[in-house]
Amino acid sequence: MRIIKTFALTAVLCGLASVPVSEGVAAVQTPAVAVAPQYDTTHVYVAPDDFDRFVASLVATFGGTTSKKGEFTVTPTPSLTMSQLVLTPVGTLSIFGFKTPIPYPFGAERTGYLVTDIDAAVRAARAHGAAVTVATFPDPIGRDVIIQWPGGVNMQLYWHTTAPNYPPLQTAPESRVYISPDSADAFIRDFVAFAHGKIVSDDRNAPGVEIGRPNDTYRRVRIESAFGRVAVLVTDGHLPYPHGWEVTGYEVSDLSATVGKAESAGATVLVKSYMAGDREAAILQFPGGYIAEIHAASHK
């Protein structure tokens, strides 16, 4: 009997060992910590000399307002950056113009997500397969942490001592995550569980023109949650420039008019307007080097 029990226990342990870690953590139930899409801030690092020109270009293109520009230490080690928030109707951006060398690994985080409880958010992220790459640290107005999801997707979670109050967005921005087939399912499963989100679509034959390869198809997964929208672009990494460098897509009501405003404000069109499924899109580069996708719903 003892031999049978030992054999059974060994079988169970071997079975557990064969289950990928991400599958195990994705089943964990954790509290919802998201606030709202207007607090999903794209992080943009520009040279100090380009800072004001870039901010002005964003506001001229999308409209909106800015916070007061200041100089702060926003990292856990000594540094100094100019910092300003740009609140547009189609998304919020945190702009950084470092006057000192940028401490590693800052600059690799694509977005900042406001959470209701930073410690609960860290526990939830870890439970769903994320690694903490910069441990929680204080900043001038709250606390921050940087995490990394399967596939190397880096993001900041942040919490403010005094809850911010940003106006609701006209349209939520789309965080555009380029990822390999090897990591895609783990990232999708784990992030959806963490964000309490849902998969809106999973198109395994999305038009390749979206990634600069009009003769091909690829897999595109769209996710929505209280954090906002995420588009997961699953590719083999054979991406013509500038595809892959645009970390955020902005939905506007009139693409042609928006592109015109952007060009007048110093932006360059890197990918001309194209039609793909349910949207018309283009890719722009703003003063200072920031690359963004801009899209509008098609009216076919």
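Here, residue 1 is the first one in the sequence, and each next residue gets the next number.
- Under a 3.5 Å cut-off, the side chain of Ser79 and the backbone N or O of Pro103 do not form any donor-acceptor pair.
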Requested in this report: Just do the side-chain contact (heavy atoms from CB on, under 4.5 Å) check on Val145 and Val134 with the steps written out, would you?
Outcome: CA-CA 6 Å; Val145 65; Val134 178; 5.8 Å; no

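- Judged by distance alone, the side chain of Thr73 and the main-chain N or O of Thr75 form no donor-acceptor pair under 3.5 Å.
- A donor-acceptor pair is defined here as one N or O able to donate and one able to accept, closer than 3.5 Å; such a pair exists between the side chain of Asn154 and the backbone of Gly152.
- Taking 4.5 Å as the limit, every side-chain heavy atom of Leu93 sits out of range of all side-chain heavy atoms of Leu85.
- Looking at Thr92, its side chain does come within 3.5 Å of a backbone N or O of Gln38 through a donor-acceptor pair.
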Query raised in the report: Taking it one step at a time, do Arg213 and Asp236 satisfy salt bridge (charged side-chain N to carboxylate O under 4.0 Å, His left out)?
Result: CA-CA 12 Å; Arg213 291 163 51 176; Asp236 58 10; 2.7 Å; yes

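- In this structure, the side chain of Ser201 does not engage the main chain of Val221 through any donor-acceptor pair within 3.5 Å.
- Note: His160 and Tyr158 meet the aromatic proximity criterion, with ring centroids under 6.0 Å apart.
- Donor-acceptor pairing under 3.5 Å is recorded for the side chains of Ser175 and Arg110.
- Judged by distance alone, the side chain of His196 and the main-chain N or O of Thr30 form a donor-acceptor pair under 3.5 Å.
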**Report entry** Candidate pair Tyr290 and Glu246, rule side chain to side chain donor-acceptor pair (under 3.5 Å), full reasoning
**Finding:** CA-CA 8 Å; Tyr290 177 60; Glu246 81 291 1; over 6 Å; no

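- Listed for the Thr248 side chain is no donor-acceptor partner under 3.5 Å among the backbone atoms of Glu174.
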Requested in this report: Take Tyr274 and Glu210 through the side chain to side chain donor-acceptor pair (under 3.5 Å) test and state the conclusion after the steps.
Outcome: CA-CA 8 Å; Tyr274 62 88; Glu210 296 176 351; over 6 Å; no

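- Judged purely by atom type and a 3.5 angstrom limit, Thr81 has no side-chain atom pairing as donor or acceptor with the backbone of Ser83.
- For the residue pair Glu280 and Ser298, no side-chain donor N or O sits within less than 3.5 Å of a side-chain acceptor on the partner.
- Side-chain contact between Thr42 and Val247 is present, with heavy atoms from C-beta onward closer than 4.5 Å.
- Under the 3.5 Å distance criterion, the side-chain polar atoms of Ser57 are matched with a main-chain donor or acceptor of Ala265.
- Classification of the Phe191-Trp149 ring pair by plane angle, with boundaries at 30° and 60°, yields perpendicular.
- Aromatic ring centroids of His43 and Phe96 lie under 6.0 Å apart.
- Proximity of the aromatic rings of Tyr166 and Tyr39 is defined here by a centroid distance below 6.0 angstrom, and this criterion is met.
- For the residue pair Tyr45 and Glu109, a side-chain donor N or O sits within less than 3.5 Å of a side-chain acceptor on the partner.
- The pair Arg219-Asp203 does not meet the salt-bridge criterion, since no charged nitrogen lies less than 4.0 angstrom from a carboxylate oxygen.
- With Gln148 contributing its side chain and Ile146 its backbone, the two residues share no donor-acceptor pair below 3.5 Å.
- Salt-bridge annotation for Asp202 and Arg222: absent, with no side-chain N of the basic residue lying under 4.0 Å from a carboxylate O of the acidic one.
- Aromatic ring orientation, Tyr250 versus Phe62: tilted (interplanar angle from 30° to 60°).
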Requested in this report: Show your reasoning for whether salt bridge (charged side-chain N to carboxylate O under 4.0 Å, His left out) applies to Arg229 and Glu251.
Outcome: CA-CA 11 Å; Arg229 297 174 178 172; Glu251 182 179 350; 2.8 Å; yes

